[in-house]
Amino acid sequence: MKVMVIGSGGREHAVIRALKKSPEIDELYALPGNGGIAADAQCAAISAMDLDSVCQFAEDHRIDYAVVTPDDPLAAGLVDRLEALGIPCFGPCRDAAIIEASKVFSKELMKKYGIPTARYEVFTDAQAALDYLRTAPMPSVIKADGLALGKGVIIANTLAEAEDAVRSMMLDHQFGKSGDRIVIEEFLEGPEVSVLSFTDGKTIVPMVSSMDHKRAGDGDTGLNTGGMGVIAPNPFYTEDVAKTCMETIFLPTMHAMNAEGRTFRGCLYFGLMITKDGPKVIEYNCRFGDPETQVVLPLLETDLFTIMRAVTDGCLANVPVRFSSNAACCVVLASRGYPQHYEKGFPISIPEDCLSSVYVAGGTLKNGQLVTSGGRVLGAVATAPTLQEAVTQAYAIADRIHFENSYCRRDIGRRALQALK
Ligand code: AMP
Ligand code: GLY
């Protein structure tokens, strides 16, 4: 079979590595992929958002199956377009991708179906939002409605910060149209857990839980990033919490999407906070998380392609999805300055014996040499029987990889290890 994966990050590299193990796949393409993915799949220089060219490529190359992982093309309806050409896909259609693409939609869905989440108000008018803030408790959380490259969420500690956030989103259009509507919500406290799940709309199968590290600096300081590292499983996601999540969040969300006529098929990501009142939803994503995928898929023992096709065909209940009992850790090596300004184009040196532990996010080939091309450059991943070993090994790999201006957090997994003590 000929399979194409749409996207170009570390997440796509992890998906491709997992698919590469499937005996059923003869040819694997990445659109556009990156300089690291090129070692595992044939890359074609077509942007994920150039829907016409992606469809043309699929027809020209007689693609049998497509995996769409980034949020933008899912929200733009790439799966609908490919399916109209008769190409089965892994990933939700546009009507279902709205669960991530509109925070207002997801908040209203949770309210309507009684799914636990932070209390909130929606605003389309800046003055009304500013008036509301004067009586709102601080900290409060200001969210742009639409997709904003993961940057559309501001936690405001003071009224002045909250007002600034509203003005920059609604009046200065910092996130373009994504900020025309905003959500102002209650600030929740507690450990965060990411749970990715497979669902075909009838069955929902949570994957091993994980803990992202979103802030740029050690001790969860500095700016929010796309994720500086991740561990799995997440020790705060106990069996009791998992059971509560299944009953109060996972199944109700799947049923709610069906009831709305928006059946979700693909990977549904639950960003959860374990508050003193129980688990609550912080956000939904309509796709695999990045970098969560880089620790979750290496622990998956079942063939990923078999699961994906079962999701597409609506027979996920027939596939036993198994994960190893090991732990995993991913340490992200970033370009100094990320998530703001940074330089690119530095050669990356990776020892031969580390290649299979590295998932490339921002690397491109220049005269055959891998050079940096993004803020997050790569993830060094290790799996081991204990979390402590996985963390130690991931850092041992990360420390053998070199490029100019590289930086990483030194405390990935620390909070989880403390919780295990
Ligand atoms: P999101 O893009 O919605 O995942 O938000 C980014 C980050 O902001 C989350 O991972 C949380 O750490 C934080 N966050 C979002 N909503 C809330 C909330 N209601 N209370 C506290 N923290 C939040
Ligand atoms: N790691 C969070 C996300 O993928 O949105």
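Sequential numbering from 1 along the given sequence is applied to the chain's residues. Both ligands and their constituent atoms are indexed starting at 1 by order of listing.
- At a heavy-atom distance under 4.0 Å, no atom of Arg11 approaches ligand 2.
- Within 4.0 Å of ligand 1, the residues that place a heavy atom are Lys103, Ala118, Val141, Lys143, Val153, Ile155, Glu185, Glu186, Phe187, Leu188, Glu192, Lys214, Met273, Ile282, Glu283, listed by chain and number.
- Summarising the local packing, CD of Glu239 is surrounded by 12 or fewer heavy atoms from other residues, nucleotides or ligands at distances under 6.0 Å.
- Listed by first and then second residue, the side-chain hydrogen bond (donor to acceptor under 3.5 Å, both in side chains) pairs that reach into residues 187-201 are Ser194-Tyr269, Ser194-Glu292, sequence neighbours excluded.
- No N or O atom of Glu283 sits closer than 3.5 Å to an N or O atom of ligand 2.
- Taking each of Leu196, Asn285, Asp290 in turn, the one with a heavy atom nearest to atom 4 (O) of ligand 2 proves to be Asp290.
- Note on Asp64 versus Arg309: no salt bridge recorded, every NZ/NE/NH1/NH2 to OD/OE distance being 4.0 Å or above.
- Scored by the side-chain hydrogen bond (donor to acceptor under 3.5 Å, both in side chains) test, Gln127 finds Asp131 as partners (sequence neighbours excluded).
- Glu260 and Lys112 are joined by a salt bridge, as a carboxylate oxygen and a charged side-chain nitrogen come within less than 4.0 angstrom of each other.
- Counting heavy atoms closer than 4.0 Å to ligand 2, residue Arg287 contributes side-chain atoms (C-beta onward) but none from N, CA, C or O.
- Nearest protein heavy-atom contact of atom 2 (C) of ligand 2 is Tyr269 OH, 3.4 Å.
- A cation-pi arrangement is absent between Lys20 and Phe305 under the rule of less than 6.0 angstrom and at most 45 degrees off the ring axis.
- With a 4.0 Å heavy-atom cut-off, ligand 2 is reached by no atom of Val230.
- Across every non-hydrogen atom of Val358 and His13, the tightest pair is O-CE1, 3.8 Å.
- A side-chain hydrogen bond (donor to acceptor under 3.5 Å, both in side chains) check over residues 152-169, counting only residues at least two apart or in different chains, returns the pairs Ser168-Gln174.
- Ligand 2 does not have Phe288 within reach: every non-hydrogen atom of the residue lies 4.0 Å or more from it.
- Looking at Asp52 and Arg81, a side-chain N of the basic residue comes within less than 4.0 Å of a carboxylate O on the acidic one, giving a salt bridge.
- Ligand 2 places these atoms under 4.0 Å from at least one heavy atom of Asp212: 1 (N), 2 (C).
- Residue Gly289 has at least one heavy-atom neighbour below 4.0 Å for each of these atoms of ligand 2: 4 (O).
- In this structure, Arg181 forms no cation-pi arrangement with Phe123, as its terminal cationic atom is not both closer than 6.0 Å to the ring centre and no more than 45° off the ring axis.
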